[in-house]
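Each remark here refers to the structure printed beneath this line.
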Amino acid sequence: MKKLLLPFNDTKYSIYYYEDIVSFVKLLKQRPSKIWGLDIETAKAHSDTRAGLDPYLSKIRLIQLYDGDGNIFVLDCLNLAYPDFKDLRLWITDKKFIAHNAIFEITHLELLDFKDMDITCSMILGIMCDRAERSPYDGDETVSYKGFSLQALAKKYLSLDISKTLQVSDWNSPVLTDAQISYAAIDTIVCYDLALKLFKKIKKYNMLKSYKLFKRMLHVISEMQLNGMEVDKNKHTYLIQRWKEAESTAYLKCCKYFKDINLNSPKQLATWLANNPRFKNILSAWPKTPSGSYTFNRSEISDFIRIPEIAALMHYKQYSKLLSTYGEGLTRHLNPVTGRYHTQFNLAQVRTGRLSSSKPNLQNMPRDNAVRSMFCLNPANKCKYIVADFSQIEMRVAGALSKDSYMLKAYTNGDDLHTLMAAAITHKHPSAVTKKERQLAKAVNFGFLYGMGAKKFITYVKTSYPDPITEEEAYRIRGIFYETYAEYIAWSNQQRIKAEKLGFTRTPLGRLRKLASDEIYTKAVNTPVQGGAAEVLFISMIRLRNNIKRLGYKAKLASCIHDEVIVECKDWDVDAVTKLVEESMVFGMLKLFPDAPVNGLVEAHSALSWADAKL
DNA sequence: CTGGGGGGCGCG
DNA sequence: AAAGCGCGCCCCCCAG
């Protein structure tokens, strides 16, 4: 044991540094604190560049615990054996912790078998406060404040400057310097103080329910991130080969029309268009980007898509997109230890309360069967993917929130709202509605739900429907939407009035989103609906994970895509867990909206691959 | 050489 | 008066 004195922020702290876990735990037990600041330092355990950050490529070097009363206990794990942690695990079970970016601590500690720790995340508190206090239109008064790192939030909320220069120091070094140990200790103090301050704000803003849901999600996310998604690399390689061939064919065709032009440069394309005599007569009708240059956005220029030059260009862009985003580049995210994609799920970042996914983003994989079938389990492991979807979750949440009797009646009867809308537009009986008409109605429902204008609807239809519609027709259809969902429209207007008065809107569980005045018309309506759908999903996933653990099934969450969950499950438990998934999702809906109709709410299937489990 | 904005596009 | 929403990642291009 080594004791260090740490003067920091006008206070004197004591650091107790241990290399022996028995005395470490013995001392911890003497402290009365129930809430502890927690941080870990990790060292590289692999040559990969991500080593030190990725739980599979790192080893924990230090565990730092702050008792909230001037004492920091630091355990150096360099020379500890795995079974040693038993006493620490036991000590941890009835304590609460505070960490910054708790997902990092949870995922790393999970691999040492520290399960379901009660951790508050100061980063999530910080993001939630930010979303409540600042719309993107507000800018940011704190110039140096950027992102939600501990350093940034310490400066913003505690007016503290903490150095991060030692973070990248060598945590593999056999002997750590006093400066390194002090650096490691400071983070626990700062995140402890930060969380106390931010937690008061959360209560003041009435966001406790919402925060508690996020907190419970930490373990769900940790499970998904650690589990990851398995891919069949051969399928991917084959796919890339096919895309490359298609791209080069398309490129050769483009060469006839575009001389010395980078097809990936919108700027060069715009110049080419402006100077091409063939386009002289239609140039005035060519749509433009917000900043005023000619656009080559596929959905904006659907009027000109039949012109050979444009058709060739679009064909090239299609494969160029696939190759650049879903080609070879994707594989750099494969984990060298597990061979899987361990996506990062970002909690609380999205203003409506959804999750987002990055490195790689698994939430925007092409719907293409060939792509999704590369997410495929090895049959030798005797596992299946269970894929379950909410059916039309946002429409259902819209109905539940507004209590629109037309929507609720349809869901109660098991009717399809898109088919009903198609029937209303065409004056047909629902049973006579064609596939094409339903497709248009789908665009009607999705578009007008959040206040789309008739004009935009025309271009929107062009992308999702084969035949164009006239302006007159667009206004007529908009009228039908407003009549059909009159109660929903009334609720929408109420939401707008409320948001105008308060300057913010909330999700059903109370997550606050500040809105600038010109955001209100659409976002005051969208946020409760999209946010409500996210909250339903969160409740469902928490329930599902708890029940899988409680009942001892061999299954783990693998991913989620806004209204869809993917579970990896041992063959012999697939039937039982599929039922559990369905039950959990219905439970999530009813927990948030007790009166919601739930027939046809969930669809679930299982198979070796993501593609096959969707059928 | 890096960072950031714009344009574009994949998903829900 | 008019207004779909929510993301992340790719490439280009320009500023520092």
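Here is the naming used below: chain letters follow the sequence lines, and residue numbers restart at 1 for every chain. Every heavy atom of this structure was used, including side-chain atoms; hydrogens, water molecules and symmetry mates were not.
- With distances taken from any side-chain atom of A:Pro366 to the nucleotides C:dG4, B:dG10, B:dC9, the minimum falls on B:dG10.
- Toward the 5' end of DNA chain C, the nearer of the two residues A:Gln530 and A:Asp518, judged by each one's closest nucleotide, is A:Asp518.
- Within 3.5 Å, no donor on the side chain of A:Lys523 pairs with an acceptor on the base of C:dC5, nor the reverse.
- Nearest to the side-chain atoms of A:Phe296 among the listed nucleotides B:dC11, B:dG8, C:dG4 stands B:dG8.
- A:Lys321 has no side-chain polar atom (N or O) that falls below the 4.0 Å cut-off from OP1 or OP2 of B:dG10.
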Distance-only check: which donor-acceptor pairs under 3.5 Å involve side-chain atoms of residues 606-615 of chain A, not counting sequence neighbours?
from, atom 1, to, atom 2, distance (Å)
A:Ser609, OG, A:Ala611, N, 3.4
A:Ser609, OG, A:Asp612, N, 3.1
A:Ser609, OG, A:Asp612, OD2, 3.2
A:Trp610, NE1, A:Glu564, OE2, 2.8
A:Lys614, NZ, A:Asp389, OD1, 3.3
A:Lys614, NZ, A:Asp389, OD2, 3.4
A:Lys614, NZ, A:Glu564, OE1, 3.1

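- Around atom OH of A:Tyr251, no more than 12 heavy atoms belonging to other residues, nucleotides or ligands sit under 6.0 Å away.
- Counted by atom type alone, A:Ser357 and A:Gln363 present zero donor-acceptor pairs between their side chains at under 3.5 Å.
- At a cut-off of 3.5 angstrom, the base of B:dG10 holds at least one donor-acceptor pair with the side chain of A:Asn364.
- Remark: A:Lys267 is not in phosphate contact with B:dG7, judged by side-chain N or O atoms under 4.0 Å from OP1 or OP2.
- A:Arg513 and A:Thr527 share a side-chain donor-acceptor pair at under 3.5 Å.
- Of the candidate nucleotides B:dG8, C:dG6, B:dG7, C:dG6 has the atom lying nearest to any side-chain atom of A:Asn526.
- Look at B:dC1: its Watson-Crick or wobble partner, with both distances under 3.5 angstrom, is C:dG16.
- Closest approach to the A:Ile561 side chain among B:dG10, B:dG12, C:dA3 is made by B:dG12 (side chain taken as heavy atoms from C-beta onward).
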Verdict with supporting geometry, A:Asp416 and A:Thr419, side chain to side chain donor-acceptor pair (under 3.5 Å): CA-CA 5 Å; A:Asp416 176 65; A:Thr419 306; 2.6 Å; yes
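- A heavy-atom distance below 4.0 Å to DNA chain C is reached by these residues of residues 345-354 of chain A, ordered by number: A:Asn346, A:Val350, A:Arg351, A:Thr352, A:Arg354.
- At least one side-chain nitrogen or oxygen of A:Thr522 sits closer than 4.0 Å to the OP1 or OP2 atom of C:dC5.
- Listed pair A:Ser265 / C:dC13 meets the phosphate criterion, a side-chain N or O lying under 4.0 Å from OP1 or OP2.
- Using a 3.5 Å distance cut-off with no hydrogens or angles, the side chains of A:Tyr450 and A:Gln530 do not pair a donor with an acceptor.
- Nucleic acid contact class of A:Thr295 (heavy atoms, under 4.0 Å, all strands): sugar-phosphate only.
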